[in-house]
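Sequential numbering from 1 along the given sequence is applied to the chain's residues.
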Amino acid sequence: MAERKPEQRKVAVITGGSKGIGLALARVFAQAGYAIVITGRDTNRLQKTANELGKEHGSITALACDVRDPGSVRQLFAEIGQRHSSIDVLINNAG
């Protein structure tokens, strides 16, 4: 991943971020000014959650991922790498 520019926000990736503890953590990090990436298996729920959080905190990235599938995890981090220069916080709340 490329070096972060000073104006870029820190990035928090939260697996299982569309409900429960993951959603609560996404809110906390969003309130603290982080760029948020939430993941989960249910694309519809992820998008609904991202839209709801986005109304309160700006853009939230929602990416489908099944942490039981190594290929899905590789794809997730490839996508994050294209969008962000680094990951500052990784919370593995799924699986």
Side-chain angles (χ1 to χ4, degrees):
M1 294 184 186
E3 185 175 324
R4 180 188 9 252
K5 296 176 185 172
E7 67 276 4
Q8 290 178 320
R9 297 184 295 166
K10 289 185 177 182
V11 177
V13 177
I14 303 167
T15 66
S18 64
K19 60 183 180 177
I21 292 170
L23 174 56
L25 289 167
R27 281 196 172 99
V28 168
F29 279 93
Q31 289 170 349
Y34 282 72
I36 304 297
V37 178
I38 57 171
T39 73
R41 292 179 292 164
D42 185 333
T43 304
N44 292 331
R45 182 184 296 262
L46 277 171
Q47 196 54 56
K48 180 180 175 188
T49 301
N51 291 340
E52 289 174 7
L53 284 175
K55 290 176 187 174
E56 301 169 25
H57 304 289
S59 179
I60 306 291
T61 303
L63 300 173
C65 179
D66 183 347
V67 297
R68 300 173 298 178
D69 176 8
S72 182
V73 174
R74 281 190 294 277
Q75 178 62 34
L76 169 69
F77 284 98
E79 181 73 24
I80 292 169
Q82 291 174 0
R83 294 171 182 249
H84 299 283
S85 60
S86 67
I87 296 171
D88 299 285
V89 176
L90 171 63
I91 299 173
N92 189 17
N93 177 60

Nearest 0.5 angstrom please: [X] [atom1] to [Y] [atom2], how far?
| X | Y | atom1 | atom2 | value |
| --- | --- | --- | --- | --- |
| Lys19 | Lys48 | NZ | NZ | 12.0 Å |
| Thr61 | Leu46 | OG1 | CG | 11.0 Å |
| Ile36 | Thr49 | CD1 | OG1 | 13.0 Å |
| Arg74 | Glu79 | CZ | CD | 15.5 Å |
| Leu63 | Ile38 | CG | CD1 | 9.0 Å |
| Arg9 | Tyr34 | CZ | OH | 11.5 Å |

>> If I compare all heavy atoms of Cys65 with all of Ser72, which pair ends up nearest, and what's the gap?
In response: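 For Cys65 and Ser72, the tightest heavy-atom pair comes out as CA-OG, 3.3 Å.
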
> Which heavy atom in Gln31 sits nearest to a heavy atom in His57, and how many Å separate them?
Replying inline: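 Distance-wise, the nearest heavy atoms are CG-CE1, 3.2 Å.
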
> Is the backbone N or O of Ala64 less than 3.5 Å from a side-chain atom of Thr39, with the two atoms forming a donor-acceptor pair by type?
Replying inline: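 No, Thr39 side chain to Ala64 backbone: no donor-acceptor pair under 3.5 Å.
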
> Ignoring hydrogens and geometry, is there a side-chain-to-backbone donor-acceptor pair from Asp88 to Ala12 under 3.5 Å?
Replying inline: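 Not a single qualifying donor-acceptor pair exists.
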
Answer yes if [X] and [Y] sit in the same cluster of Ile, Leu, Val, Met, Phe, Trp and Tyr residues linked by side chain heavy atoms under 4.5 Å apart, and no otherwise.
| X | Y | value |
| --- | --- | --- |
| Ile14 | Leu76 | no |
| Ile80 | Leu90 | yes |
| Ile87 | Ile91 | no |
| Val11 | Leu53 | no |

>> Would you say CD1 of Ile21 has more than 12 non-hydrogen atoms from neighbouring residues, nucleotides or ligands within 6.0 angstrom?
In response: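 Open: at most 12 neighbouring heavy atoms sit under 6.0 Å from CD1 of Ile21.
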
> Do Val37 and His84 pass the side chain to side chain contact (heavy atoms under 4.5 Å, CB included) test, and can you show the C-alpha distance, the side-chain angles, and the key distance before you say yes or no?
Replying inline: CA-CA 10 Å; Val37 178; His84 299 283; 3.8 Å; yes

